[in-house]
Protein chains: 2
Amino acid sequence: MNATPRWLDPEQKVAWDHFIRMQEKLVGRLSRRVQSDSGLSAADYVVLAALTESEGGRVRFLDLTKRVEWEKSRMSHQVGRMAKRGLVAREECPEDGRGAFVVATPEGYRAIEEAAPLHVEHVRRLFIDALTPEELDTLGRLSARVLAHMEQQPD
Amino acid sequence: MNATPRWLDPEQKVAWDHFIRMQEKLVGRLSRRVQSDSGLSAADYVVLAALTESEGGRVRFLDLTKRVEWEKSRMSHQVGRMAKRGLVAREECPEDGRGAFVVATPEGYRAIEEAAPLHVEHVRRLFIDALTPEELDTLGRLSARVLAHMEQQPD
DNA sequence: CGCGAGTGGATGACGTGTCAACAATGCTTG
DNA sequence: CAAGCATTGTTGACACGTCATCCACTCGCG
């Protein structure tokens with residue numbers, strides 16, 4: 001169909017494998033942890049964190065999706081489920097008839113205030129503590145580089 | 001409930017944020033890409049890759065789960081879905097009445113042989129090309145370090 | 001031999017993510 | 001003011017992952 005593919009050379013493949021496996025295991029463990037510690041899913045945690053970091057725990061729906069870089073449909077489903085459990089509520093927006101606010105309820109605040117310290121502990125234990133401060137800094141900087149690269153790449 | 005939490009200091013938080021956002025965006029883009037390029041999900045891809053790298057495209061079920069580090073239930077569901085689409089087949093195991101083999105069908109081979117070069121291209125384009133070879137090597141090495149650290153950590 | 005423990009794997013329920021389509025409102029222009 | 005077009009958000013269908021549970025089979029031991 002097209003030119004012969006350029007496979008990764010061995011060093012590249014090793015680096016890619018390590019990165020992918022690390023990332024998967026880390027994220028997997030963290031989300032199972034936050035779930036069993038607090039009953040919040042990783043998604044719940046992200047949404048509540050974004051809400052409670054904002055004035056009044058109240059954010060316009062689309063702003064929320066941008067803040068966490070989610071698609072609106074994903075957010076809509078998530079907010080729906082969280083509303084059903086009483087963690088957040090939807091409110092109408094006076095100045096735009098289509099619009100909506102999402103608000104963290106007292107339940108929501110309670111839940112994330114309980115979950116956050118545990119979450120930080122696990123991040124520390126599984127990730128931060130694995131590296132020296134310089135290594136951590138390096139990893140952060142390389143991540144930022146990849147991020148920037150992706151942003152100016154189609155797709 | 002317990003001692004005051006030790007939050008991440010600013011450098012740590014920045015590094016963590018960059019890493020998490022990068023990883024999420026990268027994995028998200030890659031899996032949407034492989035999906036739209038080839039009709040295979042990321043999960044399909046992983047399973048087919050593991051199968052077709054093995055003698056005869058045939059692997060014992062539990063071996064397969066170990067090779068890709070998945071839980072058996074996840075694999076069972078995945079194999080079920082893939083079997084329904086004709087990408088793999090289940091075969092009984094003569095020497096263990098409980099056992100099962102998973103086999104890549106010709107369809108399965110066709111699918112991954114079509115998908116693989118495109119997948120590699122995207123990995124290259126989004127990730128490898130963002131870094132110099134030394135940086136890539138560093139990132140790989142740091143990932144391996146975190147991985148090793150997690151493995152000797154509870155949970 | 002028979003019985004209980006462990007192993008290999010499947011299943012159902014449920015929360016999650018994506019895609020495509022839709023509804024409702026706002027905006028802009030003739 | 002009316003006709004479109006863009007924006008804001010929801011919905012339904014479906015694939016995916018996890019947890020708990022279950023079943024069939026094997027193996028070891030009395």
Side-chain angles (χ1 to χ4, degrees), chain A residues 24-25 27-48 59-103 111 155, chain B residues 24-25 27-48 59-85 87-103 155:
Chain A
E24 236 177 272
K25 177 161 294 198
V27 174
R29 283 211 198 180
L30 278 176
S31 58
R32 256 163 283 148
R33 262 303 195 165
V34 68
Q35 175 81 290
S36 67
D37 282 350
S38 63
L40 293 181
S41 70
D44 298 336
Y45 187 91
V46 168
V47 170
L48 282 176
V59 180
R60 253 319 263 284
F61 183 89
L62 262 209
D63 291 348
L64 188 54
T65 69
K66 278 165 199 149
R67 217 161 298 190
V68 301
E69 304 190 84
W70 283 9
E71 294 181 17
K72 56 187 184 162
S73 143
R74 180 180 181 182
M75 185 61 77
S76 188
H77 284 300
Q78 183 66 28
V79 167
R81 287 183 300 253
M82 291 176 75
K84 195 169 305 180
R85 290 190 291 145
L87 296 169
V88 302
R90 295 192 230 244
E91 285 180 8
E92 310 196 353
C93 175
E95 65 260 20
D96 187 335
R98 310 161 287 186
F101 282 101
V102 185
V103 200
D155 241 5
Chain B
E24 237 177 273
K25 177 161 293 196
V27 174
R29 282 212 200 181
L30 278 177
S31 59
R32 257 163 281 146
R33 262 302 196 167
V34 67
Q35 175 81 291
S36 67
D37 282 350
S38 63
L40 293 180
S41 71
D44 298 336
Y45 187 90
V46 168
V47 170
L48 283 175
V59 180
R60 259 313 268 285
F61 183 89
L62 263 210
D63 291 348
L64 188 54
T65 69
K66 278 164 198 148
R67 217 161 298 191
V68 302
E69 306 190 83
W70 282 11
E71 294 180 17
K72 54 186 186 165
S73 144
R74 179 180 181 183
M75 185 61 78
S76 188
H77 284 300
Q78 183 66 28
V79 166
R81 288 183 299 253
M82 292 176 74
K84 197 171 303 179
R85 291 189 291 143
L87 296 170
V88 301
R90 295 193 230 245
E91 285 180 7
E92 310 195 355
C93 175
E95 64 260 21
D96 188 334
R98 310 160 286 188
F101 281 101
V102 185
V103 199
D155 244 3

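Within every chain, numbering begins at 1; the chains are lettered A, B, ... in the order of the sequence lines, protein sequences first and strands thereafter. Side-chain atoms are counted along with the backbone in the values below, which use heavy atoms only and exclude waters and symmetry mates.
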A.B. asks: Flag the pair B:F101 / B:R60 as yes when at least one side-chain heavy-atom distance between them is below 4.5 Å, and no otherwise.
C.D. replies: yes
A.B. asks: Quick one: closest heavy-atom pair of B:W70 and A:E24, and the distance?
C.D. replies: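 That would be NE1-OE2, 4.4 Å.
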A.B. asks: Given side chains that start at C-beta, do those of B:V27 and A:V27 come closer than 4.5 Å, heavy atoms only?
C.D. replies: no
A.B. asks: Do B:Q35 and B:R32 get their side chains close enough for a donor-acceptor pair, meaning under 3.5 Å?
C.D. replies: no
A.B. asks: Is there a donor-acceptor pair under 3.5 Å between the side chain of A:S31 and the backbone N or O of A:G28?
C.D. replies: yes
A.B. asks: Reading DNA chain C in the 5' to 3' direction, which nucleotide is the first one with an atom under 4.0 Å from a heavy atom of chain B, and which is the last?
C.D. replies: C:dG6 to C:dC19
A.B. asks: Check nucleotides 21-28 of chain D for protein N or O atoms closer than 3.5 Å to its own N or O atoms and list the pairs.
C.D. replies:
unit_1 : atom_1 : unit_2 : atom_2 : d
D:dT26 : OP1    : B:G97  : N      : 3.0

A.B. asks: Under the 3.5 angstrom rule, does the side chain of B:D37 hit a backbone N or O of B:V34 as a donor-acceptor pair?
C.D. replies: no
A.B. asks: Provide, to the nearest angstrom, the distance between the CE atom belonging to A:M75 and the P atom belonging to D:dG9.
C.D. replies: 11 Å
A.B. asks: How far apart are the closest heavy atoms of A:Q78 and A:S41, and which atoms are they?
C.D. replies: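 That closest heavy-atom pairing would be NE2-OG, 4.3 Å.
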A.B. asks: Could you state the CZ-C1' distance from A:F101 to D:dG9, rounded to the nearest angstrom?
C.D. replies: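 Atom-to-atom, A:F101 to D:dG9, this comes out as 14 Å.
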A.B. asks: I'd like to compare against my own output: the B/S/- annotation of nucleotides 13-18 of chain D with a strict under-4.0 Å heavy-atom distance to protein.
C.D. replies: B--BSB
A.B. asks: Pick out which of A:V59, A:T65, A:L64 makes a side-chain contact (heavy atoms from CB on, under 4.5 Å) with A:L62.
C.D. replies: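 Among A:V59, A:T65, A:L64, the one that satisfies the side-chain contact (heavy atoms from CB on, under 4.5 Å) with A:L62 is A:T65.
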A.B. asks: Take B:L87 and B:R81 through the test side chain to side chain contact (heavy atoms under 4.5 Å, CB included) and record every step on the way to the result.
C.D. replies: CA-CA 9 Å; B:L87 296 170; B:R81 288 183 299 253; over 6 Å; no
A.B. asks: Keeping B:S76 on the side-chain end and B:K72 on the backbone end, is there a donor-acceptor pair under 3.5 Å?
C.D. replies: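 Checking the backbone N and O of B:K72 against the side chain of B:S76, no donor-acceptor pair under 3.5 Å is found.
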